[in-house]
Participant: 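This is the structure I have questions about; it appears just below.
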Amino acid sequence: MEVENILHMKEGVGQSSYAKNSLLQRTMIAKAKPVLQESIRGLYHALQPECLMIADLGCSSGPNSLMVVSEIIDTIDEERKNLNRKSPKFGVFLNDLQGNDFNAIFNLLPSFYQSLKEKKDSDFGPCFVSGTPKSFYGSVFPDQFLHFVHSSYSVHWLSQVPRGLESRNGEALNKGNIYIAKTSPPEIAQAYYAQFKEDFTLFLRSRGKEMVPGGHMVLTLQGSVQRNDPDSLWELLGSTLHTMVQEGVIEQEKLDRFNMPFYSPTAEEVKELVEAEGLFSVNKLETFKVDWSVDTNQNLENRAKFVANTIRAVTESLLTTAYGEAAMDDLFLRFSRMVKERMDQEQSEYLNIVVSMIKRD
């Protein structure tokens with residue numbers, strides 16, 4: 001089953017989106033802010049459109065949904081004043097999966113518009129915001145329609161579980177694991193990369209058609225040091241499930257056949273795929289690390305609970321489909337304990353990639 005279908009099965013805020021609104025996502029947006037600002041300034045100086053068309057892909061449905069939009073608008077407004085130019089109009093398109101709670105976003109718009117009215121001069125804008133429910137793996141907008149595209153913590157989600165995780169006779173090849181792990185055979189990492197390559201290439205081709213020449217795009221996603229280097233957080237979740245199998249709480253067969261539709265590429269993989277497709281030039285590519293718990297000033301117990309709750313928010317729809325809703329509370333209580341043990345032993349961080357690119361002529 002495609003991940004889009006699973007992610008929008010469960011209704012409610014944060015259960016049907018590529019990117020979940022959380023302190024983690026907000027931190028990633030803040031960390032990528034300098035690259036975002038540099039990109040949007042470069043776009044405005046190069047094109048100076050009368051109506052700036054912006055898309056935020058994987059927007060989710062909480063306060064973070066409008067955080068990036070506000071930053072883009074503020075940056076453009078500052079630049080146009082410095083150049084003594086008339087304010088452009090803004091067309092903002094918030095995109096996510098069909099099951100995303102767009103009504104939650106729309107309920108934020110009156111206060112968002114009021115804030116713009118209070119902060120900006122009388123000659124500002126106007127700004128028009130709309131929702132666009134559709135998978136970004138494929139066409140979402142008309143050709144040469146967008147000037148700027150942004151996506152934070154969404155593109156590492158695959159369109160589906162990779163093919164090639166079973167043998168020809170249907171035997172699971174990644175037994176006991178839910179992602180690339182130390183015990184995974186080499187073909188597992190290869191299958192995951194192949195699916196990411198297919199999805200990311202389609203993403204680039206789709207945006208290449210939708211964006212005007214000279215348009216800018218900024219993506220932030222979770223990364224890894226090397227392809228076969230296991231993501232220890234997913235390994236911990238897999239180990240938690242394995243413990244529940246040993247105790248008879250979860251069936252072994254269900255664990256063996258469950259794999260996360262997720263891939264954290266290396267920075268080199270991202271750069272190589274962008275260059276190979278040839279539609280965009282890489283303007284800037286950086287990596288940065290963030291602690292699993294984000295706030296290291298909290299005590300270890302609270303940090304571990306934060307990590308468990310964050311992972312639950314992004315995976316519960318998938319895990320419920322595989323193991324049933326009744327197992328979720330027990331699973332994440334156990335997972336929180338394992339996270340606490342790991343964080344007590346060693347520094348545990350996410351590696352993240354932010355890439356800025358420009359649409360070629």
Participant: Between OG of S281 and CD of E275, what distance do you get to the nearest 0.5 Å?
Facilitator: 9.5 Å
Participant: May I ask you to say whether R303 pairs ionically with D344, meaning some side-chain N is under 4.0 Å from a carboxylate O?
Facilitator: no
Participant: Closer than 4.0 angstrom, basic N to acidic O: yes or no for D96 and K134?
Facilitator: no
Participant: Is S336 reaching over with its side chain to a backbone N or O of A308, donor-acceptor style, under 3.5 angstrom?
Facilitator: no
Participant: In terms of side-chain geometry, is the basic nitrogen of R360 or E277 positioned less than 4.0 Å from the acidic oxygen of its partner?
Facilitator: no
Participant: In this structure, is the centre-to-centre distance between the rings of F124 and F90 below 6.0 Å?
Facilitator: yes
Participant: Would you please name every residue forming a side chain to side chain contact (heavy atoms under 4.5 Å, CB included) with D295, sequence neighbours left out?
Facilitator: N297, Q298
Participant: Y323 and F258: aromatic ring centres closer than 6.0 Å?
Facilitator: yes
Participant: In this structure, are over 12 heavy atoms from other groups packed under 6.0 Å from K81 atom NZ?
Facilitator: yes
Participant: How are the rings of H156 and Y153 set relative to one another: parallel (under 30°), tilted (30 to 60°) or perpendicular (over 60°)?
Facilitator: perpendicular
Participant: Honestly curious: do V282 and I358 fall in one hydrophobic cluster under the side-chain, below-4.5 Å linking rule?
Facilitator: no
Participant: What do you reckon, is CG of N84 surrounded by more than 12 foreign heavy atoms closer than 6.0 Å?
Facilitator: no
Participant: Run the ring-centre check on F93 versus F145 and record whether the distance is less than 6.0 Å.
Facilitator: yes
Participant: Please say whether more than 12 non-hydrogen atoms of neighbouring residues, nucleotides or ligands are located less than 6.0 Å from NZ in K89.
Facilitator: no
Participant: What I'd like to find out is whether the side chain of I180 reaches to under 4.5 Å of the side chain of Y263, using heavy atoms alone.
Facilitator: yes
Participant: Tell me if the aromatic rings of Y192 and Y179 count as close, with their centers under 6.0 Å from one another.
Facilitator: yes
Participant: Determine the minimum heavy-atom distance between L219 and M357, stating which atoms define it.
Facilitator: CD1-CE, 3.9 Å
Participant: Check this for me, if you would: do E210 and R207 make a salt bridge, where the nitrogen-to-carboxylate-oxygen distance has to be below 4.0 angstrom?
Facilitator: yes
Participant: Please determine whether side-chain contact (heavy atoms from CB on, under 4.5 Å) holds for the pair S264 and L221, giving the CA-CA distance in whole Å, both sets of side-chain angles, and the decisive distance to 0.1 Å.
Facilitator: CA-CA 8 Å; S264 51; L221 63 158; over 6 Å; no
Participant: Do R334 and D329 meet the salt-bridge criterion of a basic N to acidic O distance under 4.0 Å?
Facilitator: no
Participant: H216 and F148: aromatic ring centres closer than 6.0 Å?
Facilitator: no
Participant: Is a side-chain donor-acceptor pair under 3.5 Å present for S151 with D56?
Facilitator: no
Participant: Taking NZ, NE, NH1 and NH2 as the nitrogens, is one of them in E253 or R257 under 4.0 Å from a carboxylate oxygen of the other?
Facilitator: yes
Participant: First locate atom CZ of F128, then atom SG of C51, and finally report the distance between them rounded to the nearest 0.5 Å.
Facilitator: 7.5 Å
Participant: Should the pair R163-E198 be classified as a salt bridge under the 4.0 Å nitrogen-to-oxygen rule?
Facilitator: yes
Participant: Start with the C-alpha distance between D123 and S87, add both sets of side-chain angles, then the distance that settles side-chain hydrogen bond (donor to acceptor under 3.5 Å, both in side chains), and finish with yes or no.
Facilitator: CA-CA 7 Å; D123 64 342; S87 172; over 6 Å; no
Participant: Does T183 form a side-chain hydrogen bond (donor to acceptor under 3.5 Å, both in side chains) with N177? I'd like the steps, not just the answer.
Facilitator: CA-CA 8 Å; T183 57; N177 303 309; 3.0 Å; yes
Participant: Going through the checks in order, is the side-chain hydrogen bond (donor to acceptor under 3.5 Å, both in side chains) test met by E118 and Q114?
Facilitator: CA-CA 6 Å; E118 294 172 356; Q114 183 63 31; 3.0 Å; yes
Participant: For E50, look at atom CD and say whether over 12 heavy atoms of other residues, nucleotides or ligands are found less than 6.0 Å away.
Facilitator: no
